[in-house]
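Each chain gets a letter, A, B and so on, in the order the sequences are listed, and its residues count up from 1.
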Amino acid sequence: MAERNIVEAINSALAEEMEADPRVMVLGLDVGKLGGVFRTTSGLVDRFGAERVVDTPLAEAGIVGASLGLALAGMVPVAEIQFLGFTAQGFHQIGPQLAKYRQRSRGRYHCQVTIRAPFGGGIRSPEFHSDGVEAQFVQSPGIKIVMPSNPYDAKGLLIEAIRDPDPVLFCEPDRLYRGRRSEVPDGAYTVPFGKAQLVREGEQVTLVAWSAAVELCLRAADALVADGISAAVLDLRTLVPLDVETLCAQVAKTGRCVVVHEAPLSAGFGAEISATLMEEVFYDLDAPVARVAAFDVPFPPASLEDYYLPSLDRVVAAVRRTMEA
Amino acid sequence: MAERNIVEAINSALAEEMEADPRVMVLGLDVGKLGGVFRTTSGLVDRFGAERVVDTPLAEAGIVGASLGLALAGMVPVAEIQFLGFTAQGFHQIGPQLAKYRQRSRGRYHCQVTIRAPFGGGIRSPEFHSDGVEAQFVQSPGIKIVMPSNPYDAKGLLIEAIRDPDPVLFCEPDRLYRGRRSEVPDGAYTVPFGKAQLVREGEQVTLVAWSAAVELCLRAADALVADGISAAVLDLRTLVPLDVETLCAQVAKTGRCVVVHEAPLSAGFGAEISATLMEEVFYDLDAPVARVAAFDVPFPPASLEDYYLPSLDRVVAAVRRTMEA
Amino acid sequence: MSPRTAPSKNRAVQARRSVLLADGTIAHGARPRMEEEFLLEALRWMMKSRLYDQKVIALQRQGLFGVYSPGIGQEACIIGSAMAVDPVRDWMVPQYRELMATVHHGLPLEVITAQYLGKIGPARIPEGVKVLPTQVSIAAQLPQATGLAWGLRLRRQDSVVITYVGDGGSSEGDFHEGLNLAGVTRAPIVFFLSNNQWAISTSRKVQTATRNFALRAAGYGFEGVEVDGNDVMAVYDVTCEAVERARSGGGPSLIAAETYRMSFHNTTDNPSRYQDQKDYDEARSRDPIERVQKYLAGLGLWDAKREAQWTEEIREENERAMKMATEAPAPRPEDVFANVYEEPPPRVIRQRADLVDGQGG
Amino acid sequence: MSPRTAPSKNRAVQARRSVLLADGTIAHGARPRMEEEFLLEALRWMMKSRLYDQKVIALQRQGLFGVYSPGIGQEACIIGSAMAVDPVRDWMVPQYRELMATVHHGLPLEVITAQYLGKIGPARIPEGVKVLPTQVSIAAQLPQATGLAWGLRLRRQDSVVITYVGDGGSSEGDFHEGLNLAGVTRAPIVFFLSNNQWAISTSRKVQTATRNFALRAAGYGFEGVEVDGNDVMAVYDVTCEAVERARSGGGPSLIAAETYRMSFHNTTDNPSRYQDQKDYDEARSRDPIERVQKYLAGLGLWDAKREAQWTEEIREENERAMKMATEAPAPRPEDVFANVYEEPPPRVIRQRADLVDGQGG
Ligand SMILES: Cc1ncc(C[n+]2csc(CCOP(=O)(O)OP(=O)(O)O)c2C)c(N)n1
Ligand SMILES: Cc1ncc(C[n+]2csc(CCOP(=O)(O)OP(=O)(O)O)c2C)c(N)n1
Ligand SMILES: [Mg+2]
Ligand SMILES: [Mg+2]
């Protein structure tokens, strides 16, 4: 077993699926010789040729729309949108088309398409590159939304995504791309969608997160030990499908919950978590579910991102307040 | 005072603002001679000329992007997107540009732009025409989101929107366009943003809604009288800014709350309402806040919309369950 | 066939193609590809298209049909283009107005009718029929069609894609992205632009300042050709050429067909608010069906009797399809959840159960 | 000025313009608009641009500057175009690589530098400077620029808009929608396309199959012209003509300037992964600055001494601006909330208070 970071885990998932299935192809901006701006597709064009690893024109709607058509032709496209914020340019090809195409065609066609996109703050990116807009797609049912937080999951979830007959939006936490390596097996394996993972046990409060915020929550849980607070951390892994069962069972157990995400507070996916808990485990709650999120303003210039994003201090403070409530 | 329906109220707001301020202009698809597919802009081109009432090419991103530029030139554009679902084509010009332009320019520029768009089910529209995607824009801070439910508010909120120095997305409930007329004064008046309105008093439970769902809630409240249930109906009017104060005070009073919307359940704006109530008035709740919404699938063909959208029965049933909880 | 003026290498676009003139005579020097037998077949399909539209409009007025956009006046585009592709090998990616083209391509009329009636199962495109669903989101089909054509080539299939777009749709970003990508990938595709002069109430004159939509092709590095879109023989010719080019590895083409929407945008529209009667009358004088009938009459192949007989036969055919569609099972409430996911998420399964229970109880 | 071959009415686009050749001589028959004094001014600006880029790259390597896209190799486009517009009347809508054009247009170098340093107030474009903010969302500026030009005309201002886009940006839907709308409204605008052959690592060869970006203009009903983008005299000429056309009501123009990105895409990029050294070397031999220096040297207006002196002076100027930007106040935490709403919603005001309290405590 090899130690890999997320970039390597993703590269390995792509290479293995391309090896195993000649229909799998990669397309997007700079995915060829450059290997992607973060090098996630590094080496693929040399190995699989320019017919299957395609540098496309700079046109996000074109990339997504073409992927839909490629899938109907029997290919299995894995499209890269250079940054999640630029899914906006292809928005009308994602929710209203890709996600809806099975329904639109009364089930005659389906779209086995994966859209990969890095996102997230913390690496001093230029404007639009950090925007965490995952919740916007939840209102477009038909597409699954996958948010890995670590190398093992990144590989297993990506292989699951590529093999899923339905479209998947696969959001990669660029802040963690070259972060801590962990054991990532060679060879194909899948991590199922809709199965949240308890990444840290804890008795008194559950921190719920996905993507890079999981790492933040783990740090917060560590810090809280000093206060004598035992915090569990639940990694949702996928927003659609949502693992309501594990979420509710876990929060019912601790009676307290703090949701953490890097997108703005209002109508972020944290709201859905809180509302779901309200409906399902209201009577098991010892305190109101709290949210820690970015503020309700656009992502600021990188010089200010540390104040904008949920910080360790804000998470810890929210947990303390929840414990006292 | 005249009795007007929503179409007439909107037409009157546009005409009066164009009369009062020569910078105000209307642009979009078919807003000229046709007067818009729903006739909301009827007669304006005759009155104000083709320079100020402009049939544009069929290009939503172009319409929004051009409106931004027109505003920077000192015009006050009121753009129509023919149906809210087609904001998807201009998505990248709305959240990342229009909403963010004041911040992007460090405050040097602002965008006095109103985007009007009809939406909503119940009138057997073709695909995409009914999609209620208002919540998607809440994750794009910087733009206000206005959801009138009746003729009086439609006019007053639209005038407020046109005069607001910041961009506004103004969503019109097409199902109610030619519904019940009500008193709508001639002459300009405004309805302020961020002030929810209690449209029906009630003691035991609060129904929270916006746009066409308000009418549904009013019918539900009527129906519930037979069960001896006294339901209040709160019309949020604007999602951004959200009137947290009135919402919380009202729900705290009744102790029970059901949120109703026509968009899909998951990550709909109902989630934000529930999460906000969780955070603010948890200890005043006698029962968990419930949500009644469309299901988590794409808007179906019109033949099925009555099953998809929240029905009177589903709202009434949810209130009954909430009363028993 | 012969363009009005000789094509010149120096011009970005060839002169407008014309074969069968509005008065039913053959343009000077034109040598039509369509032989008489075939032209009769084309006429029958054109009449079928018009008669179907007329029937639907009547039904819609009685509340028996959904919102519908007729192809009246555009039958030469609809049929001439469809006859140039091979239903066995080639794929068709429609917008919404070229309904009878998809029927010509193998989609049963009762199936597409069932779609307008809001049916689910009975509206599913049958396996083997190489047609994509009607597209209501203007121009969204174009990058999809490019991807399809590109993918078919990657899959080593001997297939060409034909896709339709309107003068309105030509302004969307998707038009640009779809065509540019087709140029880059040299995808085997034909973009058929039906310039019917209107996008709802918006005149082609304010849709774009270009003289000619075919000029756009040069900006994507492939062939553009303008054609009299009311001339089924010319439409057939230029489409055949484009299909051959695509099939032989010559890449995409853009066909700009000049036609006229001789009816309303759709059944909710009222063109008297914006359309000049003169323009309409002028268009009527260039009717694509009448000119074929005149030409065939000149050859002794068409007369009032034959017209009456065909009309009768086609009406019956169309009505049979409509009856089938009407009688096909209506959707059930739980069909709200049909065809969204291969395996629906638990939350959706629960919602479905709630709906079914609610209905049951 | 003189195009290489005579423009022909039959061609959709005029032949590529060229005035000052790579070897520093004037093209046969060309009559430059730029006089010597003015060319010296252009040279000084071009040198300023390159020296600034070099300084920024050095600083960035020390972690003292944000992600930055230099204009090295494109100075003739940047300066030749900027000199053709009037900072008092005309508006400039940039992308990001033409930074020195905005400075020429009146944006103080310390202000745009402060933007890259993440400052807020000090990075605000001063009142009266007719420049819009740097645009990172590729091609999003184009419909905006069209709207601005259209609006300025509606407001009866005597203003022309110049906006920039790259070869990459030319593929975005916004390019199409922005240019088409400009054609329809006959907005007073110049679209300046800097074809530097790269969009990050994506070669212009796979960006589009068109021979020539200027061909696109015909599809929107206005003028397109191709120009040697390393030739400041030709760039100036064609931009002046386009500006005059716009100002006199002749509508938009598309200028396709052929140049070469002689550096990396931005400071995070590594072109050795994808760029052929030969291409780069070939481009170096067409350096836009060197050819001006050669030409002026031939006239006795340039020598090593003058070069050393100017370099020294410009470096000082640039460093003064950088110092001002560096010393300008850093943002405060609560600036997260600055410049979003004229009147922030209560929820945002509360969030701001929470942040400030958290910081205070
Ligand atoms: C993206 C999008 N915007 C707006 C509409 C509303 N709409 C439906 S048809 C139409 C006009 C289309 O005109 P054209 O492309 O010329 O096709 P035609 O109807 O003439 O066949 C419009 C604006 C839509 N369906 N999709
Ligand atoms: C909509 C969008 N997609 C992708 C990116 C990422 N990106 C930044 S610069 C760039 C290349 C732009 O190339 P070009 O338009 O030729 O301009 P140049 O950098 O060569 O000046 C890309 C793809 C972006 N900023 N915006
Ligand atoms: Mg049309
Ligand atoms: Mg470039």
Side-chain angles (χ1 to χ4, degrees), chain A residues 60-61 85-96 99-100 103-104 127-128 131-133 135-142 239-240 242 259 263-283 285 287-291 295-301 325, chain B residues 60-61 85-96 99-100 103-104 127-128 131-133 135-142 239-240 242 259 263-283 285 287-291 295-301 325:
Chain A
E60 286 79 8
F86 301 128
T87 55
Q89 267 79 353
F91 204 74
H92 57 288
Q93 287 286 356
I94 303 175
K100 210 173 180 309
Q103 191 213 48
R104 303 193 61 241
E127 226 182 332
F128 310 114
D131 296 6
V133 295
Q136 291 178 333
F137 293 97
V138 181
Q139 284 276 287
S140 300
L239 307 189
V240 178
L242 176 63
V259 196
L265 181 82
S266 290
F269 196 72
E272 181 56 46
I273 299 302
S274 181
T276 297
L277 292 168
M278 168 81 88
E279 287 153 16
E280 305 285 335
V281 296
F282 181 72
Y283 299 102
L285 292 177
V289 174
R291 292 179 289 169
F295 300 116
D296 285 321
V297 293
F299 206 101
Chain B
E60 287 79 7
F86 301 129
T87 54
Q89 266 80 355
F91 205 74
H92 57 289
Q93 287 286 355
I94 303 175
K100 209 173 182 308
Q103 190 212 49
R104 303 192 61 242
E127 226 183 331
F128 310 115
D131 297 6
V133 295
Q136 290 178 333
F137 293 97
V138 182
Q139 284 275 289
S140 300
L239 307 190
V240 177
L242 176 63
V259 195
L265 180 83
S266 290
F269 197 71
E272 182 56 47
I273 299 302
S274 181
T276 297
L277 293 168
M278 169 80 89
E279 287 154 15
E280 305 285 336
V281 295
F282 181 72
Y283 300 101
L285 293 177
V289 175
R291 292 179 289 169
F295 299 116
D296 286 320
V297 292
F299 206 101

Chemist: Highest number of heavy-atom pairs under 4.5 Å with chain A: which of B/Ala99, B/Pro96, B/Gly132, B/Gly85?
Modeler: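 Greatest number of close heavy-atom pairs with chain A: B/Pro96.
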
Chemist: Counting only heavy atoms closer than 4.5 Å, note whether A/Gln103 contacts chain B via side chain, backbone, both or neither.
Modeler: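 Contact with chain B: side chain only.
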
Chemist: Under a 4.5 Å cutoff for heavy-atom pairs, which residue among B/Pro301, B/Ala275, B/Gly95, B/Pro300 has the most contacts with chain A?
Modeler: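 The residue among B/Pro301, B/Ala275, B/Gly95, B/Pro300 with the greatest pair count is B/Ala275.
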
Chemist: When heavy-atom pairs shorter than 4.5 Å are enumerated against chain B, which of A/Leu239, A/Ile94, A/Val297, A/Thr87 gives the highest number?
Modeler: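 If we count pairs closer than 4.5 Å to chain B, A/Val297 comes out on top.
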
Chemist: Counting heavy-atom pairs closer than 4.5 Å to chain A, which one of B/Ala263, B/Ala290, B/Gly268 comes out on top?
Modeler: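 Option with the greatest count: B/Gly268.
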
Chemist: Does A/Gln139 use its side chain to pair, donor to acceptor, with the backbone of B/Pro264 at less than 3.5 Å?
Modeler: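 It does hold such a pair.
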
Chemist: So which of B/Val133, B/Val259, B/Leu285, B/Leu242 has the largest heavy-atom pair count under 4.5 angstrom toward chain A?
Modeler: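 Greatest number of close heavy-atom pairs with chain A: B/Leu285.
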
Chemist: List the atom of B/Arg291, the atom of A/Thr276, and the distance in Å for their closest heavy-atom pair.
Modeler: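 B/Arg291 and A/Thr276 have their closest heavy atoms at NH2-OG1, 3.8 Å.
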
Chemist: If I compare all heavy atoms of A/Ala267 with all of B/Phe269, which pair ends up nearest, and what's the gap?
Modeler: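 For A/Ala267 and B/Phe269, the tightest heavy-atom pair comes out as CB-CD1, 4.3 Å.
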
Chemist: Highest number of heavy-atom pairs under 4.5 Å with chain A: which of B/Asp131, B/Val138, B/Leu265?
Modeler: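 The answer is B/Val138.
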
Chemist: Side-chain contact test, heavy atoms from C-beta onward, threshold under 4.5 Å: evaluate it for B/Lys100 versus A/Glu127 and give yes or no.
Modeler: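 In contact.
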
Chemist: Please flag which part of B/Ile273 lies under 4.5 Å from any non-hydrogen atom of chain A: side chain, backbone, both or neither.
Modeler: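 Looking at B/Ile273, nothing touches chain A.
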
Chemist: For the candidates A/Gly142, A/Gly270, A/Ala287, which exhibits the highest count of non-hydrogen atom pairs separated by less than 4.5 Å from chain B?
Modeler: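 Heavy-atom pair counts peak at A/Ala287.
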
Chemist: Under 4.5 Å heavy-atom distance to chain A, tell me which part of B/Ala61 shows up: side chain, backbone, both or neither.
Modeler: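 The answer is neither part of B/Ala61.
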
Chemist: So, taking the atom named CD in A/Gln89 and the one named CD in B/Gln89, what distance separates them when rounded to the nearest 0.5 Å?
Modeler: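 Answer rounded to 0.5 Å: 13.0 Å.
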
Chemist: Can you tell if the side chain of A/Phe128 reaches within under 4.5 Å of the side chain of B/Arg104, non-hydrogen atoms only?
Modeler: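 The answer is yes, as the side chains (C-beta and beyond) meet within the 4.5 Å cut-off.
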
Chemist: For chain B, which candidate among A/Ala325, A/Ser274, A/Pro298, A/Ser140 shows the most heavy-atom pairs at distances under 4.5 Å?
Modeler: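 Greatest number of close heavy-atom pairs with chain B: A/Pro298.
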
Chemist: Are any side-chain N or O atoms of B/Gln136 and backbone N or O atoms of A/Gln136, one a donor and one an acceptor, separated by less than 3.5 Å?
Modeler: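 Judged by distance alone, yes, a pair lies under 3.5 Å.
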
Chemist: Is any side-chain heavy atom of B/Tyr283 less than 4.5 Å from a side-chain heavy atom of A/Pro288?
Modeler: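 Yes, close enough: below the 4.5 Å cut-off.
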
Chemist: Parallel under 30°, tilted from 30 to 60°, perpendicular over 60°: which one fits the rings of B/Phe282 and A/Phe282?
Modeler: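 Perpendicular, since the angle between the ring planes exceeds 60°.
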
